[in-house]
Amino acid sequence: MYKKLAAAVLCCCLAAALLFTASSVSNVSKAAGDSPETPSPAPAMEPEEPAEESPAQEPEEPEEPEEEPAPVLTLEAIRLVSFQDLPTDSSQADCIRYAAYQGLLSGVTEDRFDPDGLASLASVVTVLHRMSGDGAPAYTGAFPDVPEDKWYTDAVSWAAQAGIVTGRSDGALRPLEPVTRTQLAALLYRCAAGGSQPYDEQLANYTDGASVPDYARGPMAWALENRLFSGMIANTIHPKLPVTRAQLAQALVALTAYGSEEPVAAALTTQMSAKIAVSASQDKHEDIQLLVDQAASKYGAVGLQVAVVEDGHVTDAYTCGYAAKGQTPMTAEHKIRAASISKVAVGMAAMLLREQGYIGLDQDISAYWGVKIQNPTYPNIPITIRSLLTHTSSIRVLDSASRLYGPVKAQLSSPSGFTAKMPGAISSWSYNNYGYAVLGMTLELASGQYLDAVMDSGMWDIMEIDAAFEGGRVDRKDLIATLYQGGAVSRTAAAQASYLPKDTPGGTGAFFQGGLTISARDLAKMAALLASDGYYEGLRLMQPESVELLETRDDTLLPDGTYQAVALRSQDNLYGRDRLYYHTGSAYGVYNLFSYDPAERDGVVVLTVGASGVKDDRNIYAVCSEISQYIYEAIA
């Protein structure tokens with residue numbers, strides 16, 4: 001099948017080269033001088049004397065007209081394709097141009113390609129059908145969720161007949177869901193290669209090769225060996241991640257090079273690279289592990305997790321001690337209460353809801369609560385989500401007050417619920433756990449969704465993060481670590497697993513200031529996303545302006561020597577970095593640190609259980625600070 005497909009691809013490419021005009025490719029301007037000049041007429045001549053007639057001869061066989069050679073496809077011709085939103089990565093942009101030039105992928109509008117949009121299964125199957133040159137078989141209704149009259153129906157019918165798609169266990173295809181890296185490898189392999197493929201040795205070269213499901217191990221090994229995924233996979237496969245339209249364009253270019261060795265596709269494939277990062281943390285793993293063990297011993301930690309981000313990728317993780325003292329060794333998969341690092345997750349949820357149009361950072365929160373909420377000293381200055389995010393709301397710090405909806409609403413509508421400070425002013429800054437309870441509830445009331453659900457759909461499910469603000473909502477409750485303080489149990493794993501939200505969103509704010517239950521490695525994924533301006537492994541999960549908002553800090557130095565950003569904290573000249581964004585967390589004997597350097601796209605997350613809470617001279621827990629200092633210097 002693939003030889004036919006490859007030939008069709010090449011023919012498509014050459015036909016595009018012949019027909020490449022403004023009328024055939026709407027988003028490409030015809031270059032000046034493309035039309036051949038009209039030949040000048042020959043000069044008039046005197047008629048000659050007629051020649052004597054020759055004897056009749058057998059007519060000669062007419063010669064076959066010579067075929068005009070097809071024009072050679074060039075990179076220059078490809079680059080006439082123009083979209084306003086092409087990626088800054090030149091190799092990826094050229095692959096998009098190539099796919100559009102061939103007619104394999106088109107823009108979502110005349111001048112926009114939407115490179116960060118996710119490719120659906122239907123769109124991939126449609127492209128493969130187009131590349132094959134085959135007609136469409138009769139509709140058979142093979143899948144209950146593929147109607148007869150959709151734009152992808154013919155392609156799905158073709159793919160089903162060819163054995164390229166088989167459907168899920170329930171018989172459905174779910175054609176409009178994003179296609180994952182695993183699924184794309186299987187589709188391309190069934191279409192192009194087929195047969196059996198050895199995979200153990202190939203997949204063993206990747207940090208998560210063992211996580212590729214059995215049905216796709218051969219296809220994935222084939223795709224990796226033949227560089228089909230070289231534009232999106234470095235040393236970690238991330239098999240469940242969805243594929244963007246830009247990444248699909250890269251894979252199609254590499255597929256063309258694999259099948260036809262077309263020179264431009266081959267050259268573009270050679271240039272593809274997901275930038276294989278040289279990981280200093282991996283190179284120095286044993287040294288870092290020794291330091292982690294020493295710090296845990298020095299500060300009496302029962303258990304400890306560390307994760308490292310380098311160049312926007314989570315590259316390594318370290319553990320020591322116990323998740324259950326003397327019983328269960330701590331692993332990188334165990335979940336530890338993040339304490340006040342939860343506030344970073346609340347801030348990220350706020351940005352997702354802002355992008356979706358549910359909230360505005362500077363809107364009066366009264367509309368979400370159904371009562372007038374105002375500081376009586378400053379009745380004309382609204383209490384906003386931005387002021388809650390930055391601890392400047394002027395809401396009174398009420399650490400022991402109820403976080404249930406009724407009492408919180410009553411407190412917010414009472415004049416006694418506020419200090420005499422001006423809302424929104426940095427001079428009114430006061431670190432406020434109660435304010436974050438109000439914030440989380442406000443976000444849930446505004447969206448009608450639990451913040452867990454907002455984070456799940458917006459990033460956690462995509463990034464394969466198992467976390468929740470309420471411990472009882474994590475998938476792997478059996479991996480919740482017991483908390484210790486002063487050598488004794490402060491929160492059992494069972495107690496944490498019992499924490500659940502109320503029946504409706506906004507019913508409680510008990511967990512938003514500190515309840516996030518998560519591993520250091522999963523927190524490091526969130527740090528990697530922020531350090532990469534909203535990208536995670538090539539996927540745009542948050543808009544760059546949202547990350548910029550989170551990192552916008554007031555230039556006023558606070559009494560504790562720190563700067564307040566939006567949900568994040570910040571310091572300069574920390575751990576050898578010009579500027580770090582971070583957040584600490586402490587509760588029930590956990591002492592934690594989440595930090596990243598946006599300039600170098602590096603980060604370190606340290607979660608501890610049962611350690612000493614002594615702080616260093618930068619107001620950061622010493623057990624976390626010593627480990628972070630060492631790692632930042634090691635990966636610099």
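This structure is a prediction, so every number in the text was calculated from the model and none was measured.
Without hydrogens or angle criteria, Q363 side chain to G360 main chain gives a donor-acceptor distance under 3.5 Å. Remark: the backbone N or O of T608 is paired with a side-chain donor or acceptor of N592 at under 3.5 angstrom.
Ring to ring, Y621 and Y591 are close: their centroids are under 6.0 angstrom apart. A ring-centre distance under 6.0 Å is found for H391 and Y431. Taking the ring centroids of W369 and Y405, they lie under the 6.0 Å cut-off.
When only modelled atom types and interatomic distance are considered, Q411 and Y434 share no side-chain donor-acceptor pair under 3.5 Å. If you check the side chains of S394 and N375, you find a donor sitting under 3.5 Å from an acceptor. Checking E551 against Y596 by side-chain atom types alone, a donor-acceptor pair falls below 3.5 Å. Side chain to side chain, T207 and T236 meet the donor-acceptor criterion of an N or O pair below 3.5 Å. Remark: the D208 side chain and the Y206 side chain contain no N/O donor-acceptor pair separated by less than 3.5 Å. Side-chain contact, T390 with T392: a donor N or O sits under 3.5 Å from an acceptor N or O. In this model, no donor atom of one side chain and acceptor atom of the other lie less than 3.5 Å apart for Y152 and S120. At a cut-off of 3.5 Å, with distance as the only test, a side-chain donor of H313 or E537 sits close to an acceptor on the other residue. In the model, N433 has a side-chain atom that pairs as donor or acceptor with a side-chain atom of K343 under 3.5 Å. A donor atom on one side chain and an acceptor atom on the other are not found under 3.5 Å apart for Q513 and S342.
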Practice prompt. Quick one: do F512 and F469 satisfy ring pair (Phe, Tyr, Trp, His ring centres under 6.0 Å)? Show the steps, please.
Written response: CA-CA 6 Å; F512 300 124; F469 289 102; 5.6 Å; yes
Discussion item. Please determine whether side chain to side chain donor-acceptor pair (under 3.5 Å) holds for the pair S414 and S416, giving the CA-CA distance in whole Å, both sets of side-chain angles, and the decisive distance to 0.1 Å.
Written reply: CA-CA 5 Å; S414 168; S416 65; 2.8 Å; yes
Fill in: Candidate pair E464 and K525, rule salt bridge (Lys or Arg N to Asp or Glu O under 4.0 Å), full reasoning
CA-CA 9 Å; E464 298 183 72; K525 294 177 183 179; 6.0 Å; no
Fill in: Verdict with supporting geometry, T315 and S281, side chain to side chain donor-acceptor pair (under 3.5 Å)
CA-CA 7 Å; T315 54; S281 65; 3.1 Å; yes
Item to complete: Carefully, step by step, assess D478 and R476 under the rule salt bridge (Lys or Arg N to Asp or Glu O under 4.0 Å).
Response: CA-CA 5 Å; D478 58 309; R476 293 294 306 274; 2.7 Å; yes
Item to complete: Determine, stepwise, if the pair S366 / Q374 fulfils side chain to side chain donor-acceptor pair (under 3.5 Å).
Response: CA-CA 8 Å; S366 299; Q374 64 181 21; over 6 Å; no
Worksheet item: Where do S340 and Y436 land on the side chain to side chain donor-acceptor pair (under 3.5 Å) test, with the steps shown first?
Response: CA-CA 10 Å; S340 283; Y436 261 77; over 6 Å; no
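Within 6.0 Å of atom CG in D399, more than 12 heavy atoms from other residues, nucleotides or ligands are found, so the atom counts as buried in its surroundings. Applying the 6.0 Å contact sphere to NZ of K240 captures no more than 12 heavy atoms from other residues, nucleotides or ligands.
Looking at D560 and R569, a side-chain N of the basic residue comes within less than 4.0 Å of a carboxylate O on the acidic one, giving a salt bridge. Checked for salt-bridge contact, E470 and K502 miss the test: no charged N lies under 4.0 Å from a carboxylate O. Look at R601 and E310 and you find no salt bridge, because none of the NZ, NE, NH1 or NH2 atoms lies under 4.0 Å from a carboxylate O.
Under the 6.0 Å distance and 45° angle rule, R396 does not count as a cation-pi partner of F418. Taking the ring centre of Y499 as origin, the terminal cationic atom of R491 falls outside the region bounded by 6.0 Å and 45° from the ring axis.
If you take OG on S628 and CG on L574, they are separated by 8.5 Å, rounding to the nearest 0.5 Å. Here the CG atom belonging to L541 is positioned 11.5 Å from the CE atom belonging to M526, to the nearest 0.5 angstrom. To the nearest 0.5 angstrom, S279 atom OG is 10.5 Å from D311 atom CG. In this structure, the separation between CD1 on I462 and CG on L118 is 6.5 Å, given to the nearest 0.5 Å. In this structure, CD1 on I336 lies 11.5 Å from CG on L516, to the nearest 0.5 angstrom. Here the CZ atom belonging to F594 is positioned 12.0 Å from the OG1 atom belonging to T584, to the nearest 0.5 angstrom.
Under the side chain to side chain donor-acceptor pair (under 3.5 Å) rule, Q571 has a single partner from R577, R579, R618, R553, which is R618.
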